[in-house]
Amino acid sequence: MQSAVSKLEAERAEVDGILSSGVFGRTNNLVRLLTFVCDKYFEGAIDEIKEYSIAVHALGRPDSFDPQMDTIVRVTAHALRKRLEDYYKSAGAEHAVHICLPSGHYVPKFIHSSDLGALVDESASDEKLNGQSLDRIASRGIGRPELYQVNSTPPMQELTPGKVAESHDGAEFSIKFGSRTRMALAAVIFVISAFVLTVLVWEKWSPKSGHGGSAQTLVAAAPGFISGKILRAMVGSASAPYIDHGGATWDGDHFCTGGSSFSVTGHAIQGTEDAQLFSSGRRGVFQCNYPVPPGTYEIHLLFAETSGLQEASRNVAFSINGGAPNNLDVVDDAGGDDIATTKVFTDVTPASDGKIHLDFTTGEAFLNAVEILQGTPHRMLPVRIVVGHSPFRDSLGNVWMPDRYFFGGRLSSFGGDLSKVADGRLYEWHRFGHFHYIVPVATGGRYTLRLYFMEHWFGVQNGGIGGVGSRVFDVSCNGSMLLKGFDILREAGSEPLIKSFQHIEPTPQGKIEIYFTPDANYPSISAIEVLPE
């Protein structure tokens, strides 16, 4: 067994090695957060590892930082957890020490391979192996602690008598172990089940691509759901078309010339379920020419900075059809590296040659993907988002696209009968937890925001658990409080509830930022609608 001193030296060496390896790119928020929390850890000052101190002393936020209004620490910590997990599945897999940031915490844990065997032997020798012995392993930081949370309830988790916890997909679980034989059997079943589930999920949700990818003028997207003319194209990728999680088809890059193409791998992109759209791009001075029929169009330009740059490091300058130049700092606009952001432009008409021209004019400019929609003159198209994995056409013929633009939270589906609820599909799923949405819109206008809620968990109607006051939370938008101490059950019982807010002005970056902050239990949302006024 290693001595405490040699372990500490190994931990310091691992931190120094990962920071100097360039795996997180150059100086950025991920590096700053990891450096700060590890420095405090080695100083023995873990009490100073708090959200506020990280924001102010590591991420450059002002002393007036308000964690309820600014989620930079949580967003950065989430990205860091994913990047560390990916690193230790690949380049760092054989390292003697692994660094992890346990979910819901900012104090780092160091996992020593030399301890793993001893802890497993210790647990196996327990004749009555149960949750406590597994918790010993988790508390020592070995492996993935979340896999060892047996009969434990996360903070503010929604529970019913006899139920343990709600999983990400709404399933419930309760695990108890007796003898070593039952433990071994349970472990085998768990491994097999996890493998089968992984295969099924992969087959269902992995990107599907066709063959060919001709430079057609317009490509169909989400058959049966989307009407009108739509063109979606990746930039810098000449591969076969990509079908996103909503069923929309993105063509390869047949429209851009100049500059140079690039691709990235192993990046978890926040704010999207389709990281592949941001895995390639074109950079430098280049032009994209999209042939479209006569009409008015709305253009969405998709970006994510994946080079590890910080704010003010890259100026993306571009124009549309030779119009006024636009200057974009992607990191600042998105709120960090590896975060998707979309810029929306309305009232775009093709030039005299029947094409929409995008000209990128600086050496450091880049673009990941383009979406061109048949638009409405002088106003943006409505944005309709339904929580869940599938598009939905409501009774009025409006199309709701599957969940997007979210940060944090978890998904859960309801098992109740919604056949008697008008457009019940809007309430079939909900996102719950501590989360927010950043919806891109066109600047210069005002919008009506509609939030769709339905309480399926608390109240007599839902099995007798809890009641009024069981779920209370706040909702704010662009710095203004919309709902304070909001309780779905108090206002609507178990019926659908729509809250509407008019005259919402977007941020200067063209965003509607909606934050859901827990008070008593987790916030919940089922659908979001943004309508131009």
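Computed from a prediction, not measured in an experiment: that's the story for all the values here. Because only heavy atoms are used, hydrogens play no part in the values below, and waters and symmetry mates are left out as well, while side chains stay in.
Separating the CG atom in Asp251 from the CG atom in Leu231 is a distance of 7.0 Å, to the nearest 0.5 Å. For the atom pair Phe303 CZ and Leu328 CG, the distance stands at 5.5 Å (nearest 0.5 Å). The line from OH of Tyr522 to CH2 of Trp457 is 13.0 Å long, rounded to the nearest 0.5 Å. To the nearest 0.5 Å, atoms CZ (Phe110) and SG (Cys38) are separated by 4.0 Å. Taking OH of Tyr452 as the reference point, atom OG of Ser524 lies at 15.0 Å (rounded to 0.5 Å). Distance check: Glu48 CD to Lys40 NZ gives 4.0 Å after rounding to the nearest 0.5 Å.
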Could you please spell out the steps behind the side chain to side chain donor-acceptor pair (under 3.5 Å) verdict for Ser395 and Asp423?
CA-CA 6 Å; Ser395 57; Asp423 290 321; 3.1 Å; yes
Test side-chain contact (heavy atoms from CB on, under 4.5 Å) on Leu449 and Leu482; report intermediate values, then the result.
CA-CA 10 Å; Leu449 173 65; Leu482 299 183; 3.8 Å; yes
Show, in sequence, the C-alpha distance, side-chain angles and deciding distance for His378 and Asp347, and conclude whether the side-chain contact (heavy atoms from CB on, under 4.5 Å) test is met.
CA-CA 6 Å; His378 314 309; Asp347 283 319; 3.6 Å; yes
CA sep, side-chain torsions, deciding dist, call: Ile54, Leu59, side-chain contact (heavy atoms from CB on, under 4.5 Å):
CA-CA 6 Å; Ile54 293 173; Leu59 303 183; 4.3 Å; yes
Kindly indicate, with the supporting measurements, whether the criterion side chain to side chain donor-acceptor pair (under 3.5 Å) is fulfilled by His503 and Glu533.
CA-CA 8 Å; His503 313 317; Glu533 295 180 356; 2.9 Å; yes
Report the C-alpha distance between Phe516 and Ile525 in whole Å, list the side-chain angles of each, state the deciding distance to 0.1 Å, and finish with yes or no for side-chain contact (heavy atoms from CB on, under 4.5 Å).
CA-CA 9 Å; Phe516 297 79; Ile525 187 71; 4.1 Å; yes
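In this structure the side chain of Thr76 reaches within 4.5 angstrom of the side chain of Leu30, judged on heavy atoms. For the pair His389 and His245, the minimum side-chain heavy-atom distance is 4.5 Å or more. Residues His430 and His456 fail the side-chain proximity criterion, which asks for heavy atoms closer than 4.5 Å. Leu489 has its side chain out of reach of Ser470: every pair of non-hydrogen atoms, C-beta onward, lies at least 4.5 Å apart. Using a 4.5 Å heavy-atom threshold, the side chains of His434 and Thr517 count as touching. Pro496 is listed as a side-chain neighbour of Val421, based on a closest heavy-atom distance under 4.5 Å. In this structure the side chain of Ile512 reaches within 4.5 angstrom of the side chain of Cys477, judged on heavy atoms. Contact check for Thr296 versus Thr376: no side-chain heavy atoms found under the 4.5 Å cut-off.
Under a 3.5 Å cut-off, the side chain of Asp329 and the backbone N or O of Val331 do form a donor-acceptor pair. Side-chain atoms of Ser526 come within 3.5 Å of backbone N or O of Trp429 as a donor-acceptor pair. Using a distance-only test at 3.5 Å, with no hydrogens or angles considered, no donor-acceptor pair links the side chain of Arg425 to the main chain of Pro391. Glu298 contributes a side-chain N or O that, together with a main-chain N or O of Leu381, makes up a donor-acceptor pair within less than 3.5 Å. Judged by distance alone, the side chain of Arg74 and the main-chain N or O of Pro67 form a donor-acceptor pair under 3.5 Å. For the pair Tyr88 (side chain) and Ile99 (backbone), a donor-acceptor distance under 3.5 Å is present. Under the 3.5 Å distance criterion, the side-chain polar atoms of Asp487 are matched with a main-chain donor or acceptor of Gly469. Checking side-chain atoms of Thr507 against main-chain N and O of Lys511 turns up a donor-acceptor pair under 3.5 Å. Between the side chain of Asp394 and the backbone N or O of Trp400 there is no donor-acceptor pair closer than 3.5 Å.
Contact between Asp474 and Met481 at its shortest, heavy atoms only, is CB-SD, 3.8 Å. Nearest heavy-atom pair, Glu455 versus Gly493, reported as atom, atom and distance to 0.1 Å: CB-O, 3.8 Å. Smallest separation of non-hydrogen atoms from Asn478 and Pro506: ND2-CA, 3.7 Å. The heavy-atom pair separating Met234 from Trp250 by the smallest distance is CE-O, 4.0 Å. Across all non-hydrogen atoms, the minimal contact from Val387 to Ala527 is CG2-N, 4.4 Å. Considering every non-hydrogen atom in both Phe278 and Thr306, the closest pair reads O-CG2, 4.3 Å.
Relative ring orientation between Tyr52 and Phe65 is described as tilted, the plane-to-plane angle lying within the 30° to 60° band.
A salt bridge links Asp333 with Lys343: the closest approach of a Lys/Arg side-chain nitrogen to an acidic carboxylate oxygen falls below 4.0 angstrom. At a threshold of 4.0 Å, the pair Glu85-Arg81 does not count as salt-bridged, since none of the basic side-chain nitrogens sits closer than that to a carboxylate oxygen.
Taking a 6.0 Å sphere around NZ of Lys499, one finds it holds more than 12 heavy atoms contributed by other residues, nucleotides or ligands.
Screening His436, Gln270, Glu273 for a side-chain contact (heavy atoms from CB on, under 4.5 Å) involving Phe406 leaves a single residue, Glu273.
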